[in-house]
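Heads up, the thing below is written out as C-alpha cells.
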Amino acid sequence: MSSDYEYSDQEYYDEDDEQMFDEDGSASDMEIDAFPEDFKSKKGKQKSYEVPHEPLTQAQIEQFMAQDVENISGIFGVDVSIVDPLILILAKDRLIEKYMDNPTAVLVKAGLELPEKQTESSSRSRASQTGPRRSTRRQNSDQPRSGVSKIIERITPPVEDYGPFVCPICFDDTQTETMALACNHKFCSACWNAYITSKIRTEGEHWITCMAEDCSLVTPDKFIHFALKDDKATWERFQELLVRHFVSCNPNLKFCPYPSCTNAVSCPAASSKSVLTTIVPIVCCGASDSHKFCFGCTIDADHRPVICAVAKMWLQKCQDDSETANWIKSNTKECSKCQSTIEKNGGCNHMTCKKCKYEFCWVCMGPWSEHGTAWYSCNRYDDKSSIDARDAQSKSRASLERYLHYYNRWANHEQSAKLSVELYAKTEKKMEEMQITSELTWIEVQFMKKAVDEVFKCRMTLKWTYAMAYYLEKGNQKALFEDNQRYLENAVEELSELIESPFEPETIATLRQKVTDKTVYVQNRNEIMLEDTARGFQEGRWKWNVTVNGFDQAEEGEE
Amino acid sequence: MDARLRRVNKEILDCKNDRASNIQVDLIDNSPFHLKGSFNGPEGTPYEGGHFEVDIVIPDSYPFQPVKMKFITKVYHPNISSASGAICLDILKDAWSPVLTLKSTLISLQSLLCSPEPNDPQDAEVAKHYMTSRSSFEETARYWTMIYAGGPGKEGLKSGAKSGSKDEVAMAGLEKAHVDQFEALGFDRSKVIDVLRRMNYRGANVAKINDDRVVEELLK
Ligand SMILES: [Zn+2]
Ligand SMILES: [Zn+2]
Ligand SMILES: [Zn+2]
Ligand SMILES: [Zn+2]
Ligand SMILES: [Zn+2]
Ligand SMILES: [Zn+2]
C-alpha cells in the first residue's frame with residue numbers, strides 16, 4: 001500500500017519537527033489521506049490497543065480529593081466547612097461500608113470517636129495488669145456525645161496555660177503549653193511536636209493516634225498543623241502522605257512511577273484486576289511523552305501487545321533462567337582429572353576425556369575401571385531408572401531448545417532497543433552530513449529520525465510478541481499471530497538496514513523515498529500487530545499452553 | 001537538658017527507688033541509652049527462680065519510637081527466639097505508646113513469661129512444642145531456666161546431668177529413649193537430636209511420625 005504513496009515535502013513535513021506526521025497544521029491534502037487511518041491522529045477514534053485515561057497534575061489530584069470530601073460528607077451528613085476534610089478522607093476506606101449498620105462503632109474504629117465505655121484492653125500489653133492505668137481517668141472525663149460534635153471540638157486543640165503540670169512523657173514540669181484530643185489525654189506541646197514529627201518523618205505515617213496507651217483517637221490535620229508550628233517541611237510531607245494515601249486507596253488512580261514526577265493518571269477502565277486479561281493499559285502521565293507506564297503492573301513501561309500476567313510469567317522464567325542452567329548442568333561436565341569441559345552426546349555413560357584420555361562414568365564421575373563392583377552406588381542407574389532418566393533429559397532438552405528459540409529473539413530485540421541511544425547519535429550525525437552534502441534542509445532530513453523512532457517502537461512490540469508466542473497454544477490463531485509477527489519483523493529489519501546503510505549524495509533522494517515508504521509500511525505493520533492482538537484479547541481468541549490467571553485451564557500435552 | 005536524656009535518667013532513677021517491683025535497670029557501658037534490665041521469673045511458671053536479663057537500647061527518637069529489647073538470658077518460650085533472644089510483643093512494635101516506660105515494658109516482659117501466645121510465635125519450633133505437649137514444654141522451659149537463668153533443681157531434675165554440663169536431650173525437650181532408638185541405627189547423636197527437635201518428635205506427635213520419615217530426614 002505504501003508503494004503508490006506520494007508526497008510533497010512542504011506538506012508532508014509540518015513545521016513542528018517533532019510532530020511531522022501530525023495532520024494538525026498541514027493542509028488537508030490528498031497525500032495525507034494516503035497515510036493509514038490511525039497514523040494521522042492521536043485524537044482519532046480509540047484504537048483497540050489504547051485505553052482511555054486522563055493525566056492529572058498534583059493540583060488536579062487535590063481537586064479530586066476535594067470532590068471526594070464532598071461526597072463523603074454527604075454520606076455522613078456533616079458540613080464540609082466545619083468538619084476536618086482530610087480526616088474524612090482518611091477515614092473513608094475504614095468507614096463507608098459499615099457506617100450504615102452501626103455509625104458509632106464505625107466512628108470509634110476509625111479513631112474519630114471515643115468508645116462508649118472504656119473496655120478492658122484487648123491489646124497484649126502486659127503492663128495493663130500492673131502498670132499505671134489511665135482508663136479510670138478516661139471513664140470519668142466528660143464524654144462528648146456525638147461523632148460530629150466531637151470532630152468539631154477537636155478542630156481547635158485546647159491549649160491551657162495554667163496549673164502545675166508534669167508531662168507524662170518528658171517528665172518536664174516547666175512546660176506551660178499542653179494539648180489534648182477529645183480523650184483529654186494531655187501532653188506538652190513539645191512532646192506532641194516530637195511525636196508527630198517522628199511519625200511523619202521516620203515512619204511516613206499519616207494516621208497518627210493519640211500518644212496515650214490503647215487510645216485510638218486520631219489526630220486531625222488541624223491539630224497536626226498546630227502541633228508542628230513553623231515546621232513547614234514536615235507539614236508538607238504530611239500533606240504529601242495524605243495525597244499518596246488518597247491515590248493508593250483509589251483504584252482509578254496511579255502515580256507516575258518516573259522519578260520525581262508528581263503527576264498521576266486516572267484510568268477507570270483499568271481499575272479492576274479482572275480487566276487485565278483483556279486489555280494492556282499503557283498510559284501516559286502527561287508530564288512528558290516518555291512518561292509511559294502500565295496501569296496494571298510494574299513490569300515494563302510498555303509491554304504491548306502481551307497482557308500483564310503473561311509478560312510477568314515470561315520475565316519470571318527468564319529471570320530464573322533455570323532451564324538454561326539445567327541444560328548446562330545436564331549436558332556438560334568437567335573432566336575430574338584435567339577439568340576440560342566435556343559435552344555428552346551419546347547414551348553411553350562410559351566417557352573418555354578427549355584431552356587426557358581419562359575414562360569415567362557420566363553419572364557418578366567416578367573412574368570407569370571401578371564400575372561393576374557391587375559396592376559402587378552408581379550401579380542402580382544401570383537398570384530401568386537410568387533409561388527413564390535419560391529420557392527425561394532429552395525431553396527437558398527439547399523444551400529448553402524451544403525456550404531458547406523465543407528467548408534469543410526476545411533478548412535480541414531488547415538488546416537492539418537498548419542500543420538505540422547509539423543509533424540516535426549515529427543518525428543525528430548522518431542527518432548533519434546529509435544537510436551538508438545534499439540540498440536538504442534540517443526539517444527535510446527528519447525522515448531519518450522518524451525511521452529510528454519507529455524501529456525502536458517496533459522492536460519493543462516485537463520483543464513482547466516473542467514472550468506471547470512462547471505461551472500461545474499451537475493452532476490457527478498462533479499461526480496468524482506469528483505471520484503478523486514475521487511481517488513486522490522483516491519490515492523492521494529491512495528498515496534498520498536502510499537506516500544504517502551508507503548514502504551517496506546522488507542517491508539521497510531515492511534513499512529518502514525508500515526510507516519514508518518503509519517507515520510508513522513498518523508503522524502500518526506495527527499497527528496491525530497491536531490492533532489484532534488487542535482485539536484477540538477482547539474477543540477471547542488467545543489460548544495458552546499454560547494456565548494463565550483469569551483464563552480457562554490450559555490444554556494438556558501441548559509439547 | 002535533652003528531653004530524651006532527662007526522661008531516661010528519671011526512668012532509671014524510678015526503677016532504683018522502686019524496690020517493690022523487683023525490676024532492675026543498670027548501665028551496660030557508660031551511656032544511659034544502652035542498658036541492662038533484669039527481673040525474676042514469675043512464680044508458678046517454669047521460669048520461677050530464674051533471673052532474666054534483657055538488653056535495652058534507647059533509640060534516638062525515644063520515647064516516640066519503641067525501646068529495643070531482647071533477652072540476654074536464653075529463654076525457652078514461644079514468643080522469644082531461643083537462639084537470639086528476640087521478642088515478639090506488640091508494645092515493642094506498633095502498639096508502643098510514648099507513655100510506656102522501661103519499667104512498665106519490663107513488667108510486660110515478665111508477664112509475657114506467664115502467658116505465652118503460641119499463635120503469634122517468635123520461635124516456631126518452641127511454639128509447636130508448647131502446642132503439642134504442655135507438660136513436656138514446661139519441663140524443657142524449667143530445664144533452660146535452671147541451666148541459663150540460675151534456676152533451682154540442679155540435682156532434683158532426673159534428666160539433669162552433673163552440675164555445669166548440659167543434657168542436650170533435655171535442652172531439646174526430647175525423650176532420651178527416642179534419641180537412643182535412632183542413635184542405635186548408626187546416626188550421630190547430635191544429628192538425631194537436631195532432626196527430632198525440628199520434627200517436633202514429642203507427646204502425641206510421636207505416634208503420627210513414621211520411623212521411615214525420621215530416617216529419611218536423618219539421611220538428608
Ligand atoms: Zn512533654
Ligand atoms: Zn487519647
Ligand atoms: Zn510522569
Ligand atoms: Zn502491565
Ligand atoms: Zn581429562
Ligand atoms: Zn558410575
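Residue numbers start from 1 in every chain, and the chains themselves are labelled A, B, ... in the order their sequence lines are given, proteins ahead of strands.
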Per-residue contacts, residues 41-64 of chain B versus chain A, heavy atoms under 4.5 Å:
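Under the 4.5 Å heavy-atom cut-off, B:Ser61, B:Pro63, B:Phe64 qualify.
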For A:Cys170, does its backbone N or O pair with a side-chain atom of B:Arg6 as donor and acceptor, under 3.5 Å?
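Yes: the side chain of B:Arg6 pairs with the backbone of A:Cys170.
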Can you confirm whether more than 12 heavy atoms, excluding those of [X], are under 6.0 Å from its [atom1] atom?
X: B:Arg189; atom1: CZ; result: yes
X: B:Asn17; atom1: CG; result: yes
X: B:Lys36; atom1: NZ; result: no
X: B:Lys93; atom1: NZ; result: yes

Where does A:Cys191 contact chain B at under 4.5 Å (heavy atoms): side chain, backbone, both or neither?
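It is both, since atoms from each part get that close.
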Interface moiety of A:Thr197 toward chain B, non-hydrogen atoms closer than 4.5 Å:
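Neither part.
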Looking at B:Val99 and A:Glu213, what are the two nearest heavy atoms and their distance?
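Minimum heavy-atom separation between B:Val99 and A:Glu213: CG2-N, 3.5 Å.
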Quick one: closest heavy-atom pair of B:Pro98 and A:Ile169, and the distance?
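Scanning both residues completely, I find the closest heavy atoms to be CB-CD1, 3.6 Å.
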Rounded to the nearest 0.5 Å, how far does CG of B:Leu13 lie from CZ of A:Phe171?
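Interatomic distance, A:Phe171 CZ to B:Leu13 CG, rounded to 0.5 Å: 11.0 Å.
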Any pair counted as salt bridge (charged side-chain N to carboxylate O under 4.0 Å, His left out), so long as it reaches residues 66-79 of chain B, sequence neighbours left out:
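Salt bridge (charged side-chain N to carboxylate O under 4.0 Å, His left out) check on residues 66-79 of chain B returns no pairs.
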